[in-house]
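Worksheet: one structure, shown below.
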Amino acid sequence: MTITAEKITSSLPNRFVTKTRQGVKYRYDNETGLFENTSTGKWVHNPIIRSNKTVSTLRYYWHPDLEPILNQITQDPYMIECIGYLLKFILVKNQLRKHINKHHTSTAKNQKKMAWLSHEFSKRILGESKYKAIMFELVEKGILNQVVKTNPKGKIYLYSFSNPVLLQDYSLKPITFKRLEEKILNYRKWALLQYQPLDQKVIAQIIKTGWKITITEEQLKLIAIARYKLKYLPKHPDKALTESEYMDSMNNVMAIINNWNDADEHDKLDFFTVDDFGNRLHHVFTYLPSEIRAYVQNREGVNMFFTQYDLANSQPAIMANLLVKDYGFTYNYFNHDFVSLVCRQKIYEDLALKMNISRDISKTEMLNMLYSWLDSVADKNFQKFYPDVSRVIRQLKMRDKDDNGQYIPFNKRHAQLPKIMQQMESLIFRDVWRVLINNGNEFLPIHDAVYVAGLNSNEKTIMEDLIFSILKQSFSIPIEVKREEVYKKS
């Protein structure tokens, strides 16, 4: 089974064309995606009469029992084809597993290659939004079962067919791992080109450095214990996991680190994604604990020393900048309103005082307030503490249409504000990436920060001034750039 960019994006020529299926020519309607059944005169999704033989000659998976269900989901032939690709990937993964167990000794490397033929493959081709919409419908209509698991990246959704009838009469031609690797490599070459040119350069820069994470299991365990006591417990005073439960949730961290270290340059591409929500670039250094960034070596085994540069009070600063630029708010260093406190770099201290909590916890509370549902406890606290801007916050969370005029479901309207803020953040920091790439600096992009490697004392100061000057161009309020050395904490 081969999926190419051409198959996914090809435009439809004339409405009626002739297509051949199993040696027989049929009239095909490009607008509806239907074939004319010459014996009955009816138009159907597929004219092939199924037998006990395989139907793997189809470009994507189709089963007659699915036709009435798919018709309920969509009449769009493109969407039906997308659904067919998703279903075939799930089938291929199941069949490949059987083939391996029967004919091969299953090694760790082979298992990783096999796992790559999953819905994640299709997710990257279709795009996150279309993929999520399709999978939601397939689960809602009872075609697929969904199982949710958790690892350091977040939630993982696993799918299987709910009805064994849908697996009948389907088989997969034997596939060698050499051929499988060729398919995956071809996809990766295509997938890298789907990123924006700047993102391509940043991804290539991270991969070519050969950076490895050299932390040991014992060091990681000590970090996990410290995070549990100093970060997790204070933020979850009421419904906290036990220390043992928390440590269990960290078990996958070392496996991900080992996978990254063992991966070659092509395999490392699998660790990068750009989400549709905030246009953020994600990779192994963003979704693992931040402490691991102090345990990085280059391909020669030399320890890497990073200097972290980030925007102080980044989320409140982006929110305040939005209020000033688009909603006419002003600031005064002597006032105690939201925007003025942000401009004085005192917003977290102010919130900590009002809620009687630590400054560190106030950061989490601020995000909860900005990102929360309307009329939730966090939302009401924000209205009480900062009534001057709560009106605009509520207005943004009540939008029923996005910038493209598309309807926003009620349960997703509160997410429009964090979406706007994250997209602004991504746009601003890509300006920083562009300059660092052009300067030849080696760096890690971490959402609202950059970790620059190998700077001497003088260069660190020059870099701080450079990043400040770049960020300042995007802000209508005073900002501050923080600099911090990244080192191993005992």
Side-chain angles (χ1 to χ4, degrees), residues 192 195-215 256-257 260-261 263 265 268-275 278-312 314-315 317-318 422-475 479-489:
L192 182 60
Y195 292 108
Q196 294 296 323
L198 175 62
D199 292 0
Q200 290 181 38
K201 292 178 181 178
V202 172
I203 292 170
Q205 178 259 156
I206 295 173
I207 291 176
K208 288 178 180 177
T209 58
W211 286 334
K212 292 191 174 185
I213 304 166
T214 57
I215 194 168
I256 294 174
I257 290 173
W260 168 264
N261 291 340
E265 289 191 357
K268 279 185 165 62
L269 284 172
D270 301 346
F271 290 84
F272 295 85
T273 57
V274 175
D275 67 70
N279 198 32
R280 284 176 160 183
L281 175 64
H282 301 273
H283 48 82
V284 68
F285 295 99
T286 63
Y287 53 71
L288 290 183
S290 59
E291 290 86 349
I292 62 101
R293 299 167 198 159
Y295 295 81
V296 177
Q297 291 182 349
N298 63 15
R299 64 175 72 253
E300 284 78 33
V302 177
N303 291 329
M304 301 302 299
F305 295 97
F306 291 103
T307 304
Q308 175 187 349
Y309 298 92
D310 61 20
L311 176 63
S314 62
Q315 294 300 304
I318 291 171
Q422 288 187 20
Q423 288 180 346
M424 288 177 64
E425 168 198 276
S426 299
L427 190 64
I428 291 166
F429 271 87
R430 275 176 170 77
D431 289 339
V432 176
W433 301 358
R434 188 173 290 104
V435 173
L436 295 181
I437 284 289
N438 291 338
N439 284 352
N441 294 107
E442 293 183 344
F443 69 98
L444 289 172
I446 312 289
H447 302 329
D448 61 351
V450 287
Y451 285 56
V452 187
L455 300 179
N456 61 37
S457 179
N458 185 49
E459 289 170 338
K460 290 174 183 177
T461 302
I462 294 173
M463 182 63 65
E464 184 176 353
D465 293 339
L466 175 63
I467 292 175
F468 175 82
S469 65
I470 298 169
L471 294 178
K472 188 68 183 74
Q473 296 175 20
S474 300
F475 282 86
I479 61 167
E480 180 180 322
V481 171
K482 294 191 303 181
R483 184 177 100 190
E484 183 177 350
E485 302 304 318
V486 180
Y487 60 90
K488 299 176 183 178
K489 296 177 178 143

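Count residues from 1 along the sequence. A quick note: this is a predicted structure, and the numbers were derived from the prediction, not measured.
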Heavy-atom side-chain proximity of I428 to L311 below 4.5 angstrom
no
Would you please indicate yes or no on a ring centroid separation below 6.0 angstrom for H283 and F271?
no
Heavy-atom side-chain proximity of I203 to L269 below 4.5 angstrom
yes
Distance in Å, R293 CZ paired with I446 CD1, rounded so as to fall on 0.5 Å steps:
4.0 Å
To the nearest 0.5 Å, what is the distance between CG (L427) and CG (N279)?
8.5 Å
Which heavy atom in F429 sits nearest to a heavy atom in A449, and how many Å separate them?
CE2-N, 3.7 Å
Please report the interatomic distance CG(D431) to OG(S426), rounded to the nearest 0.5 Å.
11.5 Å
Can you find a pair of side-chain heavy atoms, one from I292 and one from V284, that are under 4.5 Å apart?
no
F272: which of D199, V202, I207 passes side-chain contact (heavy atoms from CB on, under 4.5 Å):
I207
For Q200, does the CD atom have more than 12 heavy-atom neighbours from other residues, nucleotides or ligands under 6.0 Å away?
yes
For residues E464 and Y309, determine if any side-chain heavy atom of one lies less than 4.5 Å from a side-chain heavy atom of the other.
yes
Rounded to the nearest 0.5 Å, what separation is found between the NZ atom of K201 and the CG atom of N438?
6.5 Å
Could you tell me whether the side chain of R430 reaches within less than 4.5 Å of the side chain of Q196, counting heavy atoms only?
no
State, to 0.1 Å, how close E459 and G454 come at their nearest heavy-atom pair, and which atoms those are.
OE1-O, 3.9 Å
Side chains of R483 and T461, heavy atoms from C-beta outward: is any pair under 4.5 Å?
yes
Got a donor-acceptor contact below 3.5 angstrom from the N298 side chain to the T209 backbone?
no
Residues A317 and A312: closest non-hydrogen pair is CB-O, 4.1 Å
Side chains of T286 and R280 in contact at under 4.5 Å (non-hydrogen atoms):
no
Enclosure of K460 NZ (heavy-atom neighbours >12, cutoff 6.0 Å)
yes
Heavy-atom pair of closest approach, residues A453 and M304
CB-CE, 3.7 Å
Applying side-chain hydrogen bond (donor to acceptor under 3.5 Å, both in side chains) to S314 and D448, what does each step give before you reach the verdict?
CA-CA 7 Å; S314 62; D448 61 351; 2.6 Å; yes
Going through the distances and angles, do T307 and E485 end up as a side-chain hydrogen bond (donor to acceptor under 3.5 Å, both in side chains)?
CA-CA 5 Å; T307 304; E485 302 304 318; 3.3 Å; yes
Under 4.0 Å between a Lys/Arg side-chain N and an Asp/Glu carboxylate O for E265 and R299?
yes
Atom pair CE/CG of M463 and N456 - distance to nearest 0.5 Å:
10.5 Å
Do I206 and P445 come close enough that some side-chain heavy atom pair is under 4.5 Å?
yes
When F285 is tested against each of F443, W260, Y451 for ring pair (Phe, Tyr, Trp, His ring centres under 6.0 Å), which residue passes?
W260
How far does CZ of F468 sit from NZ of K482, to the nearest 0.5 angstrom?
15.0 Å
Working note: L455 + I462, criterion side-chain contact (heavy atoms from CB on, under 4.5 Å); need CA distance, chi angles, decisive distance, verdict.
CA-CA 10 Å; L455 300 179; I462 294 173; over 6 Å; no
